[in-house]
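What follows is one structure encoded as structure tokens, with my remarks underneath.
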There are 2 protein chains.
Amino acid sequence: MINTFSIQARFGAHIKKLRLQSGLSQEAFADKCGLDRTYISGIERGVRNPTLQVISVLAGGLEVKISMLFDFK
Amino acid sequence: MINTFSIQARFGAHIKKLRLQSGLSQEAFADKCGLDRTYISGIERGVRNPTLQVISVLAGGLEVKISMLFDFK
DNA sequence: GTGTGACTACCAGTCCGTG
DNA sequence: ACACGGACTGGTAGTCACA
């Protein structure tokens, strides 16, 4: 697959930024998304590789379009 | 997690559209991405739930920004 | 050139906990 | 409120033969 490494790290950092802008804690955000709190933590730290469905859910939880989650790069 | 519906189908359709606009066959596209042809097929048909890393590779193969892969919706 | 079912190894995602 | 760990289950990555 040979990847494009820090995509997870950059994605996670961006998610964190958007979450903080929404004034949500990781826990509140996780609840809103219906995901596990530790999983959100992992995503933001760049150690998780979320699927399309999860990315979609994250966008929903942040109340933004998916494309906005990729407004870095 | 409760599924946010046909996000996969819509994503796949959009990938297909972008691929055709690039004049690539599934095979050529798969080669360019370093992925299997049948895997691309699955994504375009909406039966696969690709991860962030795969999505990143797809964007690279199409030579577009990731956010452009979500320009639907 | 593409759709599809089946397959194994590995990871996505959950749940328990700690500091 | 968050980082980080271990253990677990189901789903995804990646590939094949065949239509």
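Every chain is numbered from 1 and lettered A, B, ... according to where its sequence line falls, protein lines coming before strand lines.
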Please tell me if [X] has a side-chain N or O lying less than 4.0 Å from either OP1 or OP2 of [N].
X	N	result
A/Arg19	D/dC2	yes
A/Arg48	C/dG13	no
B/Gln26	C/dG3	yes
B/Ser41	C/dT2	no
B/Tyr39	D/dA13	yes

In whole Å, what is the span from the [atom1] atom of [X] to the [atom2] atom of [N]?
X	N	atom1	atom2	answer
B/Gln53	D/dT12	CD	C1'	12 Å
A/Phe29	C/dG13	CZ	P	13 Å
A/Ile15	D/dC2	CD1	C1'	17 Å
B/Asp36	C/dT2	CG	P	13 Å
B/Asp31	C/dG1	CG	C1'	13 Å
A/Leu20	D/dA1	CG	C1'	11 Å
B/Glu44	C/dT4	CD	P	12 Å
B/Ile43	D/dA13	CD1	P	7 Å

Task: Shortest non-hydrogen contact from A/Cys33 toward A/Gly61 - done: SG-CA, 3.9 Å
Open item on the list: Under 4.5 Å between side-chain heavy atoms, counting indirect links through other Ile/Leu/Val/Met/Phe/Trp/Tyr residues: same cluster for A/Ile55 and B/Val47 or not?
Closed with: no
TODO: Say whether A/Leu24 and A/Met68 are linked into one hydrophobic cluster, either directly or through other cluster members, by side-chain heavy-atom distances under 4.5 angstrom.
DONE: yes
Open item on the list: Roughly what angle, to 10°, lies between the helix axis at the start of the helix from C/dT2-D/dA19 to C/dG19-D/dC2 and the one at its end, five pairs per end?
Closed with: 40°
Open item on the list: Angle between ring planes, B/His14 versus B/Phe72, binned at 30° and 60°: parallel, tilted or perpendicular?
Closed with: tilted
Task: side-chain hydrogen bond (donor to acceptor under 3.5 Å, both in side chains), paired with A/Glu44, selected from A/Lys16, A/Arg19, A/Lys17 - done: A/Arg19
Open item on the list: If you count every heavy atom of other residues, nucleotides or ligands that lies below 6.0 Å from A/Lys32 atom NZ, does the total exceed 12?
Closed with: yes
Open item on the list: Here's a test of your reading of the structure: between B/Asn49 and B/Leu24, which maps to the more 5' nucleotide of DNA chain C?
Closed with: B/Leu24
Task: B/Thr38 (side chain) and D/dC16 (base): donor-acceptor pair under 3.5 Å - done: yes
Open item on the list: I'd like to know if B/Arg37 reaches the base of C/dG3 with its side chain such that a donor and an acceptor end up less than 3.5 angstrom apart.
Closed with: yes
Task: Side-chain donor/acceptor of B/Ser41 to backbone N/O of B/Arg37, under 3.5 Å - done: no
Task: Given C/dG3, C/dG1, D/dG14, the nucleotide with the shortest approach to the side chain of B/Leu35 - done: D/dG14
